[in-house]
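Each ligand, and each atom within it, is numbered from 1 in the order the structure gives. Position 1 is the first residue of the sequence, and the numbers go up from there.
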Amino acid sequence: MNIVLLGAAGAGKGTQAAKLVETLGLTHISTGDIFRKNVSEGTPLGLEAKRYMDAGQLVPDGVVIRMVKDRLAQPDCANGFMLDGFPRTLPQAEALDVALDSLGATLDAVVAIEVPRDVLMGRLTARRQCRGCGRIYNVMGEMPADEGVCDGCGGEVYQRDDDTVEAATKRLDDYAAVTSQLVPYYQSRGLLKTIDGNRAVDAVFVDTLAALGR
Ligand code: AMP
């Protein structure tokens with residue numbers, strides 16, 4: 001099964017993706033996580049992406065598309081994948097179609113997690129993340145037992161530069177103006193499954209599995 005997960009920053013894509021890939025046995029491809037890994041390793045790709053990411057801006061399509069095409073061609077994607085954070089623009093969606101065609105693959109479903117903007121803003125600015133394993137925490141909810149130290153891997157728990165109020169505003173504006181165009185794009189092909197994401201994590205998960213026929 002090949003799935004795209006759509007949703008604004010803070011909609012819970014990362015959390016749901018982790019649960020879904022485990023349950024469905026899919027390879028998880030998060031473009032944000034790939035960029036963050038490259039930034040922390042100081043690779044040329046990371047250096048290029050960082051200036052856009054820190055400002056809450058989208059990395060240019062050409063850079064992201066090249067990276068995702070390479071990733072999809074790897075053997076672990078052949079048994080099913082979940083794209084999280086890609087595509088985010090129409091050119092990215094079109095490039096994905098071309099890339100899948102050339103691999104002889106198709107998309108089975110596009111899950112769009114919807115959450116009101118004021119809720120997203122609150123979630124983003126409260127979010128903290130482990131630099132090591134990517135685990136998500138929240139200053140209004142679950143935080144590590146030891147301040148600043150991940151319960152899971154002992155990595156540093158920090159606020160992402162793109163979760164400040166200014167960067168979060170820019171990311172939500174971009175989603176409304178650009179990424180939301182993907183909803184009619186996939187709806188017209190009968191692939192879109194819309195999920196109410198303004199609920200508890202497990203309720204969203206159960207609904208998503210049901211929408212996928214599981
Ligand atoms: P995310 O963790 O998905 O919110 O991504 C974090 C940041 O990585 C975004 O704010 C963008 O700067 C960059 N990024 C991730 N995926 C994409 C994409 N598909 N297109 C452009 N930029 C992206």
So do R135 and D151 actually touch side chain to side chain, heavy atoms under 4.5 Å?
-> yes
D207 versus D196: any side-chain heavy-atom pair under 4.5 Å?
-> no
Charged N to carboxylate O under 4.0 angstrom, D163 versus R128?
-> no
Electrostatic pair K37:D33 at N-O distance under 4.0 angstrom | no
When you check ligand 1 against the protein, what N or O pairs turn up below 3.5 Å? List the atom names and distances, or just say none.
unit_1: ligand 1; atom_1: 2 (O); unit_2: R36; atom_2: NH1; d: 2.9
unit_1: ligand 1; atom_1: 2 (O); unit_2: R36; atom_2: NH2; d: 2.9
unit_1: ligand 1; atom_1: 2 (O); unit_2: R160; atom_2: NH2; d: 3.3
unit_1: ligand 1; atom_1: 3 (O); unit_2: R88; atom_2: NH1; d: 3.2
unit_1: ligand 1; atom_1: 3 (O); unit_2: R88; atom_2: NH2; d: 3.2
unit_1: ligand 1; atom_1: 4 (O); unit_2: R88; atom_2: NH2; d: 3.1
unit_1: ligand 1; atom_1: 4 (O); unit_2: R171; atom_2: NH2; d: 2.6
unit_1: ligand 1; atom_1: 12 (O); unit_2: Q57; atom_2: O; d: 2.6
unit_1: ligand 1; atom_1: 16 (N); unit_2: T31; atom_2: OG1; d: 2.7
unit_1: ligand 1; atom_1: 16 (N); unit_2: G85; atom_2: O; d: 3.4
unit_1: ligand 1; atom_1: 16 (N); unit_2: R88; atom_2: NH1; d: 2.9
unit_1: ligand 1; atom_1: 19 (N); unit_2: G85; atom_2: O; d: 2.8
unit_1: ligand 1; atom_1: 19 (N); unit_2: Q92; atom_2: OE1; d: 3.0
unit_1: ligand 1; atom_1: 20 (N); unit_2: Q92; atom_2: NE2; d: 2.9
unit_1: ligand 1; atom_1: 22 (N); unit_2: V59; atom_2: N; d: 3.0

Answer yes when D202 and K19 have at least one side-chain N-carboxylate O distance shorter than 4.0 Å, and no when they do not.
-> yes
Indicate yes or no: does D162 engage R127 in a salt bridge with an N to O separation below 4.0 Å.
-> no
